[in-house]
There are 2 protein chains.
Amino acid sequence: MSILVVGSVAFDTLKTPFGVREKIMGGSATYFSLSASFFTSVRVVAVVGDDYTPEHEAVLTSRGIDTLGIEHASGKTFHWGGEYGENVNEAKTNFTDLNVFENFQPKIPDSYANTKYLFLGNIQPDLQLDVRRKMPKVAMVGADTMNLWINIARPALMETLKEVDILLINDGEAKLLASENSLVLAARKVLAMGPRTVVIKHGEYGATIFFGDGTHPFRAPALPIAEVHDPTGAGDSFAGGFMGYIASQPKLTPTVLKHAMFYGGVMGSFTVERFGPERLIELTREEIEERFKVFRSLTHLD
Amino acid sequence: MSILVVGSVAFDTLKTPFGVREKIMGGSATYFSLSASFFTSVRVVAVVGDDYTPEHEAVLTSRGIDTLGIEHASGKTFHWGGEYGENVNEAKTNFTDLNVFENFQPKIPDSYANTKYLFLGNIQPDLQLDVRRKMPKVAMVGADTMNLWINIARPALMETLKEVDILLINDGEAKLLASENSLVLAARKVLAMGPRTVVIKHGEYGATIFFGDGTHPFRAPALPIAEVHDPTGAGDSFAGGFMGYIASQPKLTPTVLKHAMFYGGVMGSFTVERFGPERLIELTREEIEERFKVFRSLTHLD
């Protein structure tokens, strides 16, 4: 089944201990769609500027991604500049040029109306809710958010969460959103805000999925990686693998969700091996299945 | 097979968000031996003072622990005072009264000479090495250490590590010991210092075992716990479950080590549910097996 992602398509200028890159492809919808494209058909709603060339778009379309929903506006594409030091878990933002993204009004092509799965990437909660309401027939809605929206747009975010099935956030975001230091209590509070399920990502320690119906939580590992070349997009790649796998399955069962957690971790582990989406672009499904086996051997007793 | 632990037997005066306790039983050897006693026979080498009563010792002997190696010296028992705030991963020390522990010279009873497994609890590396050399015939040596010894006794610690098979430390200790920010690279450097195997504990995120022979690492989860009442002794309880399970098995195989990682996590998860060793004292093997199943369902796909 197809999945629609709304989010940012951007350029990133990055510096990590392993090198620098100028104006490479980035943004939540880029990472999400590339990652999900290994599992299912993907449709993108985003906005780009004049500097987003046919060659950039071809990186997505060559993976079968439907880019009809990428609006080309007059002006420049969203451009983020940042760097990571020895602690790759903390990004330092050097600049955030919103450009055409500042006035982004998501437009959903008619041909996207029948999409079964929806992922609301990390954009303003107002826009997330707008898109979600324009897609009343979707079977499942996933969403991401960030500290910025929790801090400056909490009321809008709370409205959005009421109409989200699965929220994917990291430890810090969960604790901030719930005003709660314990991860388990934070998960419970977030579940009370609307989502039936919450996936909390722990960076290099993996991720835990918590259920609102009392089902036991489930933990997926992250791969112990010696050298994280660039952590940008790891969370969106996780979301793409997670949601993409779910969308590829005939039915949403607990077993499917567990496997989706593993595929999320697998996709994140590939992304951080190289800069930007470089590794995702050259990846094969065979490599994904190989790494899935590594994740299994990393955690399974027998 | 039996296991010998050398470490501290102490009193703790604790404050956590869940309450306070005055002068309760504590110390690395107390937690380790109680935890390991569910799996194998345990012998303790430690020192206590006049205020350590037969009733205290009976808590250990009633679990079948051999306390012949607990020396009764004139003076007071080691007494630690500390507290934990909202972040239970950080202890604030209020006082450290070493008392009789200050001049601790481990003495190994003759009847302990045939012990097959040895665990060097978190004491001065000089003493760890002394005990290790007094037990040349042991099949396997595990050890713990802490930031204090890494900082003030590094040369002695490096000598000790050369004669240790498995080192169990936490993230921060591994990074400090290896002067390395990446956990995987830190593990590799620690393995180069002597141990064939290193277990790095990630607190609420579980633990990873790294092997010097190139075998893939293995990750055990920690239980998602809503309310950690008292984190004191969680690491020593992990070590007790880990080493105790190994000592209970006829042969050390990769499968045994994986199960040992799970049992370590299981024992740590019980300890933090209550204050001090309260939970360990009333625990049953049936409860341990029940929780082992929960750990399995937390991580296993099928």
Side-chain angles (χ1 to χ4, degrees), chain A residues 17-18 84-90 171 175 179-189 200-210 215-229 254-263 265 292-302, chain B residues 17-18 84-90 171 175 179-189 200-210 215-229 254-263 265 292-302:
Chain A
F18 292 91
Y84 304 86
E86 282 299 311
N87 181 354
V88 293
N89 299 314
E90 283 173 36
D171 285 9
K175 290 176 179 179
S179 306
E180 177 59 65
N181 256 305
S182 150
L183 214 53
V184 178
L185 296 181
R188 283 188 200 154
K189 284 194 185 176
I200 302 185
K201 295 168 287 175
H202 318 308
E204 65 175 318
Y205 302 117
T208 309
I209 186 166
F210 294 92
T215 308
H216 270 303
F218 181 76
R219 289 203 153 169
L223 192 68
I225 293 176
E227 298 184 329
V228 170
H229 281 227
T255 301
V256 165
L257 278 171
K258 290 176 187 178
H259 281 73
M261 288 289 287
F262 268 55
Y263 279 111
F292 187 93
K293 285 182 201 156
V294 173
F295 271 62
R296 186 188 275 268
S297 74
L298 191 60
T299 49
H300 283 48
L301 289 166
D302 315 299
Chain B
F18 293 90
Y84 304 86
E86 282 299 312
N87 180 354
V88 293
N89 299 314
E90 282 173 35
D171 285 10
K175 289 176 179 178
S179 307
E180 179 59 65
N181 257 305
S182 150
L183 214 53
V184 178
L185 296 182
R188 281 187 203 158
K189 284 194 185 177
I200 301 184
K201 296 169 288 177
H202 319 305
E204 65 176 316
Y205 301 117
T208 308
I209 186 166
F210 294 92
T215 308
H216 271 303
F218 181 76
R219 289 203 152 167
L223 193 70
I225 294 176
E227 299 183 329
V228 170
H229 281 229
T255 301
V256 166
L257 279 171
K258 290 176 187 178
H259 282 73
M261 289 288 288
F262 268 55
Y263 279 112
F292 187 92
K293 285 182 200 154
V294 173
F295 270 62
R296 186 188 276 269
S297 74
L298 191 61
T299 49
H300 283 47
L301 290 165
D302 314 300

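What you see is a predicted model; the values in this text were computed from it and never measured. The sequence lines fix the lettering, A, B, ..., with proteins before strands; numbering per chain opens at 1.
Taking B:Pro254, B:Ser297, B:Ala226 one by one and counting their heavy-atom pairs under 4.5 Å with chain A, the maximum is reached by B:Ala226. Options A:Thr255, A:Ile225, A:Thr208 differ in how many heavy-atom pairs under 4.5 Å they form with chain B, and the most are formed by A:Ile225.
Expressed to the nearest 0.5 Å, how far NZ of B:Lys258 lies from CG of A:Leu298 amounts to 9.5 Å. Annotation: the span from A:Phe262 atom CZ to B:Thr299 atom OG1 amounts to 7.5 Å, rounded to 0.5 Å. To the nearest 0.5 Å, atoms CG (A:Leu223) and NE2 (B:His216) are separated by 8.5 Å.
B:Phe292 and A:Leu301 make their closest contact through CZ-CD1, 3.6 Å (heavy atoms, listed as atom of the first residue, atom of the second, distance). A pairwise comparison of heavy atoms in B:Pro224 and A:Phe210 identifies CB-CE2, 4.2 Å as the closest pair.
Proximity to chain A (any heavy atom under 4.5 Å) is shown, for B:Glu180, by neither the backbone nor the side chain. Residue B:Val228 does not touch chain A at all, counting heavy-atom pairs closer than 4.5 Å.
Ring orientation note: the planes of B:Tyr205 and A:His202 are tilted relative to one another, at an angle of 30° to 60°. Aromatic ring orientation, B:His300 versus A:His300: parallel (interplanar angle below 30°, classes split at 30° and 60°).
Without hydrogens or angle criteria, B:Ser182 side chain to A:Glu227 main chain gives no donor-acceptor distance under 3.5 Å. Counting only distance, with no hydrogens or angles, the side chain of A:Arg219 and the backbone of B:Ala222 share a donor-acceptor pair below 3.5 Å.
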